[in-house]
Amino acid sequence: MSSNDICLVLGATGVGKTLLLKRLQKLSLHGLGGLGDTPPTLPTVGTNLTDLTLKKKKVTLRELGGCMGPIWPSYFKDCCSVIFMVDSANTAQVSSSCIQLLSLLSADPLHSVSVLILFNKRDMPCTMSLIEMKSLFRLDDIIASATQPIRTLELSARSGEGLQEVLNWLESIIVK
């Protein structure tokens, strides 16, 4: 792995990618007690870069705005891992998210990168359970046929629930 690993953070507009990056950065610096209030975010047009230092290794999280879906592939060759976010409170978005995920997994440059699928917005009252999301996505089939190691996690970027697991996953793939 290169000295600076890049993890792409992808997902539809409004799933919580920007908030995830801000929260992970705070968590890596200050721990769970230092998360503080939810910072305001705006839809990302273009890319956001966030550097994290995990176990003395630097990883750059590159968030690509949801509206940039068509040009995501131009960023694939430079990354070592992908975090794909899904809004588990937005059922209308599930099928388009599933299509995006499938096209990611079938992209040549990504055939062996580690993939983390995050079901965000656990804190919302109308959110679907992980079991419901997995069956809507047919995740078992997807994971069975994928060439990548895939992990799924539920989280709430807003409340902070699940953030530590995301950091743990990042650490586990960059510290090899």
Side-chain angles (χ1 to χ4, degrees), residues 1-2 4-21 24 43-50 52 54 57 59-122 127-155 157 162-163 165-176:
M1 295 231 146
S2 63
N4 188 8
D5 294 325
I6 293 181
C7 174
L8 288 181
V9 181
L10 306 171
T13 303
V15 297
K17 297 182 297 296
T18 305
L19 185 59
L20 174 75
L21 265 54
L24 287 175
T44 300
V45 177
T47 72
N48 270 334
L49 293 177
T50 302
L52 299 177
L54 304 172
K57 292 253 309 191
V59 61
T60 299
L61 299 179
R62 170 176 270 160
E63 172 199 348
L64 302 181
C67 60
M68 293 174 59
I71 62 165
W72 286 354
S74 56
Y75 292 90
F76 290 171
K77 65 184 186 315
D78 301 324
C79 74
C80 65
S81 56
V82 173
I83 293 176
F84 185 78
M85 273 185 100
V86 179
D87 177 345
S88 52
N90 186 343
T91 44
Q93 216 176 44
V94 165
S95 58
S96 59
S97 288
C98 192
I99 291 164
Q100 284 178 325
L101 177 64
L102 289 169
S103 66
L104 279 180
L105 295 176
S106 61
D108 263 355
L110 299 180
H111 75 96
S112 62
V113 304
S114 297
V115 177
L116 176 63
I117 303 170
L118 287 182
F119 293 104
N120 190 22
K121 307 198 182 179
R122 288 267 310 127
T127 175
M128 286 184 278
S129 72
L130 191 57
I131 292 166
E132 290 172 299
M133 291 302 290
K134 280 182 160 175
S135 81
L136 264 178
F137 264 76
R138 304 191 51 165
L139 259 186
D140 294 338
D141 296 347
I142 290 175
I143 291 171
S145 58
T147 56
Q148 300 88 341
I150 297 177
R151 173 112 191 264
T152 56
L153 284 174
E154 284 183 293
L155 90 156
L163 283 177
E165 287 83 341
V166 177
L167 276 187
N168 295 348
W169 178 82
L170 279 166
E171 280 179 359
S172 72
I173 59 165
I174 63 166
V175 184
K176 282 186 173 155

(Q) Taking the side chain as everything from C-beta on, heavy atoms only, tell me whether C80 gets closer than 4.5 Å to I6. (A) no

Q. Out of L64, L116, L118, L61, which residue meets the side-chain contact (heavy atoms from CB on, under 4.5 Å) rule with V9?
A. L61

**Q.** salt bridge (charged side-chain N to carboxylate O under 4.0 Å, His left out) partners for D140, two or more places apart
**A.** none

Q.
Per the side chain to side chain donor-acceptor pair (under 3.5 Å) rule, what does the pair list look like for residues 94-108, sequence neighbours excluded?
A. none

**Q.** Any residue meeting side-chain contact (heavy atoms from CB on, under 4.5 Å) with I99, in chain and number order, not counting sequence neighbours
**A.** none

Q: Would you please test L153 and V166 for side-chain contact (heavy atoms from CB on, under 4.5 Å) and show each step?
A: CA-CA 8 Å; L153 284 174; V166 177; 4.2 Å; yes

Q) Mind checking what makes side-chain contact (heavy atoms from CB on, under 4.5 Å) contact with N120, not counting sequence neighbours? A) M85, L155, A157

For residues 68-76, run the donor-acceptor check on the side chains, cut-off 3.5 Å, and write out each pair with its distance to 0.1 Å, sequence neighbours left out.
{"from": "W72", "atom 1": "NE1", "to": "G65", "atom 2": "O", "distance (Å)": "3.3"}
{"from": "S74", "atom 1": "OG", "to": "I71", "atom 2": "O", "distance (Å)": "2.6"}

Q: With sequence neighbours excluded, tell me which residues meet side-chain contact (heavy atoms from CB on, under 4.5 Å) with E132.
A: M128, S129

**Q.** Over 12 non-hydrogen atoms of neighbours within 6.0 angstrom of CG in L49
**A.** yes

Q) Distance-only, no hydrogens or angles: does the Q93 side chain make a donor-acceptor pair with backbone N or O of T13 under 3.5 Å? A) yes

**Q.** For K17, side chain to side chain donor-acceptor pair (under 3.5 Å) partners two or more places apart
**A.** none

Q. Got a sec, which residues hit salt bridge (charged side-chain N to carboxylate O under 4.0 Å, His left out) with R151, two or more places apart in sequence or on another chain?
A. none

Q. Can you name the residues that form a side chain to side chain donor-acceptor pair (under 3.5 Å) with T50, not counting sequence neighbours?
A. none

Q | Sequence-distant partners of N48, side chain to side chain donor-acceptor pair (under 3.5 Å), two or more places apart | A | T44, E63

Q: Determine whether the aromatic ring centres of F119 and F84 lie less than 6.0 Å apart.
A: no

Q: Please identify each residue that fulfils side chain to side chain donor-acceptor pair (under 3.5 Å) with S88, with sequence neighbours left out.
A: T127

